[in-house]
Structure formats: structure tokens, C-alpha cells
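Every chain is numbered from 1 and lettered A, B, ... according to where its sequence line falls, protein lines coming before strand lines.
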Protein chains: 2
Amino acid sequence: MNLKELSHTLGLSQTTVSRALNGYPEVSEKTRLRIEQAARAHNYRPNTRAKSLATGRAMMIGHVIPMATKHEMVNPIFADFIAGAASTYSARGYEMMLSMVKDSDEMQTYRNLMARMSVDGVILHGPRMDDERIGLLEEIGMPFAVHGRASGHTSPYCWLDVNNKSAFKRATEFLLDLGHKRIALLNGIEGMDFAHRRRTGYGEALGARGIATDPAYMRSDEMTETFGYRSTQDMLAMKTPPTAYLVSSMICAIGVRRAIEDAGLVMGRDVSIVTHDDALSYLRNGDDVPIFTATRSSVRDAGERLADLLLDRIRDPLAPPRQVLLEAELMVGQSTGPAPNRA
Amino acid sequence: MNLKELSHTLGLSQTTVSRALNGYPEVSEKTRLRIEQAARAHNYRPNTRAKSLATGRAMMIGHVIPMATKHEMVNPIFADFIAGAASTYSARGYEMMLSMVKDSDEMQTYRNLMARMSVDGVILHGPRMDDERIGLLEEIGMPFAVHGRASGHTSPYCWLDVNNKSAFKRATEFLLDLGHKRIALLNGIEGMDFAHRRRTGYGEALGARGIATDPAYMRSDEMTETFGYRSTQDMLAMKTPPTAYLVSSMICAIGVRRAIEDAGLVMGRDVSIVTHDDALSYLRNGDDVPIFTATRSSVRDAGERLADLLLDRIRDPLAPPRQVLLEAELMVGQSTGPAPNRA
DNA sequence: ATCGATACCCAAAGCGCTTTGGATTATCAA
DNA sequence: TTGATAATCCAAAGCGCTTTGGGTATCGAT
């Protein structure tokens with residue numbers, strides 16, 4: 001059932017039916033009611049593609065996920081972020097389009113999305129320190145919002161980020177206060193903006209207590225369980241192993257814990273762990289008492305809020321782009337304790 | 001730059017330009033080359049919505065994810081499955097549309113997708129034993145493919161599933177062979193088809209050795225770390241606790257392990273664990289030697305292959321719907337060992 | 001020279017919607 | 001009664017593409 005048929009059934013013009021269903025005032029309440037009733041009865045829905053073509057709005061937001069290789073890992077926070085964004089879209093009448101592309105194709109993908117007019121805007125994931133994608137999107141005039149920030153980019157744009165620097169500074173201070181001097185940092189991939197900010201916070205906290213950062217205690221990689229396990233195993237084998245680990249994700253922290261326990265040590269007594277917790281739905285950090293002491297910030301909320309920022313921006317393109325900086329909360333759990341005396 | 005402008009620039013008709021770019025034979029090689037060159041130079045891409053409207057194909061596949069509450073958990077296998085499907089789509093020129101809806105709205109969502117003609121087909125996630133969605137999709141004529149199966153549905157439809165029954169039967173036999181008699185089952189949510197099949201396999205293996213299933217050793221819930229931890233804690237407190245756990249997901253198994261180690265027991269010596277491993281990219285089950293003994297089947301591959309099935313079905317709607325049953329492989333890791341003697 | 005056949009190209013009609021610019025009728029004050 | 005105003009409704013022109021149903025040259029064969 002399309003508009004032509006529906007209006008024919010009603011003995012009205014397409015104009016009137018369209019106006020009635022879209023809430024325009026030029027149609028009497030009586031006929032509007034009649035039209036709505038008929039539309040319901042025939043389960044009429046306007047064809048999205050025709051509507052988009054006529055209005056010029058796709059009512060669709062693009063998320064493009066670059067993958068280096070076909071079997072590269074999918075970022076585990078991805079699902080929760082997406083879920084958050086999607087719930088905003090559905091609340092505001094938008095749809096989400098997801099593309100996975102080879103990362104060499106990512107720039108071209110944005111150009112395509114723009115030229116083909118298949119989306120009204122995009123969310124930019126995983127910004128690197130000097131991210132060329134932002135400049136591209138500005139150049140081609142594609143509305144966008146960034147999950148995170150790119151330190152290297154100067155002109156104002158729309159973003160939402162956790163205050164990674166302050167979170168990791170605070171976490172490091174917490175460990176220092178417990179007497180830890182050798183604190184390892186298991187960070188995200190080098191080049192990622194968030195990883196850089198976290199390292200800065202860590203470094204500043206150490207520096208303020210007169211402790212120099214030591215590359216031997218620092219690792220950077222994709223945040224998998226295996227990365228946490230391996231790195232910890234390596235460091236435990238040092239003459240002076242760290243007494244505490246500051247970790248970038250729960251999954252990674254699970255690996256750290258496994259290495260610690262494999263070595264016959266007890267988490268929270270022999271070795272402390274603080275991790276960042278994205279509050280993933282399937283990986284709750286305990287219920288009553290947190291398992292890990294953690295800097296916590298819900299990535300699902302981030303998705304919801306960033307999507308809202310983007311839709312606002314699309315609605316009102318001339319308003320100055322908005323930024324949101326979220327503070328992570330430090331939740332003390334069972335994974336931290338005073339530095340062992342013998343250390 | 002749209003088709004009208006481009007063809008005007010070239011001094012050709014829209015017909016010819018369109019045909020040239022779509023590879024039709026009615027245009028000379030010389031002009032085709034000229035047209036392609038101009039298209040590239042002006043970065044011309046056909047407007048997707050106009051193209052869809054004209055061809056009647058959306059070149060888009062829908063995935064609808066129902067959520068009971070706003071903050072219900074996102075299934076952790078979701079990201080990897082989606083990544084697999086998306087890579088197939090991008091290889092075959094399709095896009096993916098993702099909607100999250102309240103689960104009370106799911107049926108209506110499918111009707112909408114059909115009436116609005118916004119997708120060419122859908123992937124059905126998480127089928128329950130008697131899943132009403134399949135009947136609906138058949139009724140409204142929406143092409144679909146199911147990730148899993150619905151035992152209650154009789155008419156043939158397109159699906160791809162892991163042989164959950166044989167996998168869990170095999171895993172149970174493996175534990176029985178090691179001398180375990182009290183084997184716990186931590187299963188997925190009641191009502192899910194896969195959970196039912198797994199329980200059947202488990203039950204059959206036990207039955208074949210004359211062991212009756214004991215509800216005290218069986219739990220069913222969302223497969224979170226916490227669920228694994230709690231269930232194991234509970235069971236460890238029994239007079240005769242299980243000596244082995246058969247678990248439905250790695251994340252859940254991590255919780256089981258935590259409970260075991262919190263109780264001062266050693267995994268693989270005091271207590272054995274076998275888990276299903278979806279081969280999630282961020283949660284590798286060790287590299288050389290698997291941490292957990294596991295029934296393994298990549299959910300990312302499943303996504304790729306199921307998407308292929310669906311696209312084939314869309315291309316050739318009259319062909320009989322295809323089904324794929326994948327066998328999981330049993331990988332022996334460090335989490336299993338002979339049943340303790342005292343048991 | 002004439003007649004197909006072939007190669008190449010085009011005008012115009014959709015696809016299903018929104019929206020502009022009236023047209024028609026009802027309403028009402030003067 | 002009349003002219004102005006407001007209330008309803010409509011025909012038709014897009015949106016940017018594909019595709020139908022020709023049209024015009026060109027060319028070899030008769």
C-alpha cells in the first residue's frame with residue numbers, strides 16, 4: 001500500500017493525505033482522523049527511500065569501523081557504545097548504518113557516504129592523536145561527532161570524551177598513597193588519543209612525587225586478556241617487579257589477575273590492580289563490592305549522549321559545536337591494598 | 001555532482017551515462033572510458049536513495065536487536081557476529097542497518113521495515129525455542145536468515161547454527177571419561193533454543209552412563225561473569241559440590257574460575273571446567289595452549305557465512321532455503337583434569 | 001541503390017514521496 | 001448581497017536515478 005493507492009481509496013489527493021499524516025495544519029481534524037484510521041487499517045508506512053529523496057534527509061547516521069585485517073579484533077567496548085547510540089537514534093526517529101571497511105579505505109568511505117548522500121552524519125570512533133579524518137569530514141561538509149578527542153586538531157568540533165588524564169592521574173595517586181612506588185602501566189595502543197592522555201596523567205602523578213616513569217614498567221597494545229597476561233608475566237620476572245598495575249580495560253585486567261594468580265600471588269595483597277572500567281553490560285565489575293578498584297565511566301551512556309550531540313548538530317548546523325567532558329569516578333574495590341613491605 | 005549535471009558536462013544523455021557506469025553493453029568502449037574518467041574526476045557517486053527508489057532494491061540488510069529494558073546487557077558475541085556479517089556485506093555491495101528496539105516492539109519493527117521497504121532482508125538473532133518472529137517474517141514476505149534455529153518451527157527456512165547438542169554431548173563425555181560424576185551445567189537463558197539443545201546434549205551424555213541430571217547442578221541465566229561466579233560459589237557450598245563445570249561462554253567461565261580460586265582451589269586439578277568458546281577476537285582462549293578446555297566455533301565466521309546465505313537467498317528467492325550446521329571442535333586446555341579421588 | 005542488421009545513443013516515463021502555488025468552498029462582517 | 005478572509009483541498013513539479021521503447025548512423029550484403 002503506497003500513498004497513491006491510499007489516497008485513491010480515500011478519494012483524496014496525495015497532498016492531503018501526506019499533509020494529514022505529517023501533522024500539517026491545512027487539513028481538517030475530521031479528515032485527518034479519517035486518513036489516520038485508513039492508514040492504520042492498511043498498515044501504510046511511507047517508503048523511506050522515496051521520503052528521503054523528497055525531503056533530502058536520510059534519517060540515518062553512519063558508523064564506520066576500520067579494520068586493519070579481516071580478522072583484526074573488534075573493540076569490546078564497541079557493542080555497548082553502539083547500543084547506547086542506537087537507543088538515542090530510535091528515540092529520535094533515526095536509523096543506524098554500520099560499515100566495516102579496510103582502514104586504508106576509510107577516508108574514501110566518508111567521501112562516498114557524502115557523495116551518495118546515504119547518511120546525514122557520522123560518528124567518528126577511536127580518534128588518534130593527530131587524526132586526519134576530522135579534517136576530511138570538515139572539508140567535505142559531513143556533520144560528525146567524535147567519541148574521544150584528537151589532541152592535534154585545533155578547530156572546534158563536536159566531541160564527547162572521558163577525562164582520561166585526570167582519571168589516570170587520580171588512580172596513580174591512589175596507588176602512590178598506598179605506598180606503591182613501582183607502578184606498571186598497561187595502556188591501549190600507541191597513537192590512540194585516549195592512551196596518550198592516560199599516560200600523561202600517570203606520568204604527572206608520578207612526577208609530582210619525584211618518581212620518573214620507567215619504560216620497563218610500561219606496555220602499550222590492544223587491550224586483550226592475553227596482552228594483560230603476557231605483560232604481567234614478563235614484568236613478574238623482573239628483578240624488581242611492579243607492586244601495582246594500572247590497566248586500561250577490565251578485560252586486560254582479567255589477564256593481569258590470571259598471571260598474578262598463576263604465579264601464586266594474591267591480588268590486593270601481594271600485587272594491586274587499578275583498571276579503567278567502561279561499565280560493559282556483560283562484564284560488571286562485581287555487584288555490591290567492585291572486584292577491581294577502577295576508574296569507571298559508562299561507555300553506553302557515552303554512546304547515548306554523543307548521538308544526541310550529533311543529532312542536535314544536524315538539526316542546527318550553525319550553532320557552535322558542543323563538547324562534553326565526563327569525569328570517571330574512582331571506585332575502590334578488592335584489587336588494591338598497601339604496598340608490600342618487602343618491596 | 002549528480003547524474004544530470006555529469007551527463008550535461010559530457011554532452012551525453014543521462015541514459016548513456018547511467019548505462020556506461022553500470023556496465024551495460026549498449027555503449028561504445030570509447031565513450032564508456034570518457035564517462036568513467038569524468039565520473040572519477042568529479043567524484044560522482046549515484047545517490048543511494050534515488051538509485052534504490054528506481055531499482056526497488058535497498059541494498060541494505062537489517063539487524064534488529066531487541067532489548068527488554070534500556071540497560072539490559074548487550075550480548076558479548078554480538079560485536080563479533082556483526083563484524084563478520086558486515087564484512088560480507090561490504091564485499092557484496094550491501095550496507096547494514098542496525099536497530100535496537102524494546103522487545104515488545106520487535107514484531108512491529110519487522111512490519112515497518114517491510115512496509116517502508118528500507119531493507120532487502122533481515123538477520124534474526126537469538127531464536128527462542130518456539131519463535132514467533134519466524135512465522136511473522138514468512139507471513140509478510142521479508143527475506144530472512146536465522147542465527148541459530150527454532151526447534152518449534154516446522155516449515156523450512158534459512159539458518160546457520162552450531163551443533164550445540166553434539167558439542168555439549170561431546171564435552172560431557174570428555175568429562176565423564178576423566179572420571180567426573182557430578183558435572184554442573186551453567187547454561188544460557190531458559191527458552192533460548194541453543195540453551196535447550198545444549199542441555200539435551202548434556203543430558204544425553206549423562207543418561208548414556210546411567211547418571212540422572214540433577215537440577216541442583218544446573219543453572220540458566222544471562223552469560224555474564226557474575227553469573228558464573230555466583231553459581232559456582234553457590235555450588236561449592238553444597239555438601240557434594242560438582243567436580244566439573246560445563247559452561248556456556250568464556251566470560252561466564254572466567255567467573256567460574258574466579259570463584260574456584262577465591263575458594264583456594266586450583267582449576268584443572270581440584271575442579272575442571274569446559275566452556276563453549278565463540279572465538280571472540282578480544283577474548284582469545286590463550287595462544288599456544290588453550291586456557292580453558294573448550295568447544296570452539298567462531299561466531300565471526302558464522303556472521304560472515306550467514307550473511308552470505310541471506311544475500312544468496314535475496315538474489316534467488318525461489319531456490320529452496322539453505323541450512324548450515326557447524327560442528328564445534330573440542331580443544332583440550334589446562335582447565336580439565338581427572339576427577340579428584342576423594343570425590 | 002536498397003535492405004536489414006548492428007551499434008550507439010536519447011527522450012521520457014516511472015519509482016513514491018514532499019511541497020509549491022493555486023483553486024474551491026465555507027464563513028462572516030459590512 | 002458582497003467582498004474579504006479563512007479553511008480545505010488539489011494538480012503538478014520536483015528529488016536523482018533506472019529503464020523502456022524507440023531513433024539515427026553505419027555497414028555489409030544483396
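Taking the six-membered ring where tryptophan is involved, the planes of A:H125 and A:H147 are perpendicular, since the angle between them exceeds 60° and thus also 30°. Ring geometry, B:Y89 versus B:Y94: the interplanar angle falls from 30° to 60°, so the pair is classed tilted.
Note: CD (A:E5) to C1' (C:dC17) measures 13 Å, nearest angstrom. A straight line from CZ of B:R49 to P of C:dT18 spans 13 Å, rounded to a whole angstrom. Per the geometry, CG belonging to A:L53 stands 12 Å off P belonging to C:dC17, to the nearest Å. Counting to the nearest Å, the P atom of D:dC10 and the CG atom of A:L6 are 13 Å from each other. Atom CZ of A:R57 and atom P of C:dT19 are 7 Å apart (whole Å).
The base of C:dT19 lies outside donor-acceptor range of the side chain of A:T55, with no N or O pair under 3.5 Å.
Few gaps surround CZ on A:R32; more than 12 heavy atoms of other groups in view lie less than 6.0 Å from it.
Against DNA chain D, the stretch residues 17-39 of chain A makes heavy-atom approaches under 4.0 Å through A:R19, A:E26, A:V27, A:S28, A:T31.
Residues B:Q14 and B:A54 each lie close to DNA chain C; by heavy-atom proximity, the contact nearer the 5' end of the strand is made by B:Q14. Between B:T16 and B:M117, the residue anchored nearer the 5' end of DNA chain C, judged by the nucleotide with its closest heavy atom, is B:T16.
Taking the C1' atoms of five terminal pairs at each end of the helix from C:dA1-D:dT30 to C:dA30-D:dT1, the two resulting helix axes are inclined by 60°, rounded to 10°.
Comment: A:D80 does not engage A:R300 in a salt bridge, judged by the lack of any side-chain N to carboxylate O separation of less than 4.0 angstrom. Residues A:D312 and A:R315 are paired through a salt bridge, judged by an N-O separation under 4.0 Å between the basic side chain and the carboxylate.
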**OP:** Start with the C-alpha gap between A:E106 and A:V64, add the side-chain angles, then the distance that decides, and say whether side chain to side chain contact (heavy atoms under 4.5 Å, CB included) holds.
**Re:** CA-CA 8 Å; A:E106 191 178 3; A:V64 4; 3.8 Å; yes

Original post:
Can you list the steps and then say if B:F81 with B:D301 is a side chain to side chain contact (heavy atoms under 4.5 Å, CB included)?
Top reply: CA-CA 8 Å; B:F81 181 86; B:D301 282 352; over 6 Å; no

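When distances are taken from the side chain of A:N47 to each of C:dG16, C:dC10, D:dC17, the shortest belongs to C:dG16. Taking only side-chain atoms of B:T15, from C-beta outward, the nucleotide of C:dT20, C:dA12, D:dG14 with the closest atom is C:dA12. Side-chain atoms of B:L12 lie closest to C:dC10 of the nucleotides C:dC10, D:dG16, D:dC10.
Between A:Y44 and C:dG16 there is no side-chain N or O to OP1 or OP2 distance below 4.0 Å. One finds a side-chain N or O of A:N2 lying less than 4.0 angstrom from the OP1 or OP2 phosphate oxygen of C:dG16. Within the structure, every side-chain polar atom (N or O) of B:K4 is placed at least 4.0 Å from both OP1 and OP2 of D:dG16.
The residue from B:D161, B:D193, B:D130, B:D131 that alone fulfils the salt bridge (charged side-chain N to carboxylate O under 4.0 Å, His left out) condition with B:R149 is B:D161.
Not a single donor-acceptor pair under 3.5 Å links the side chain of B:R49 to the backbone N or O of A:A54.
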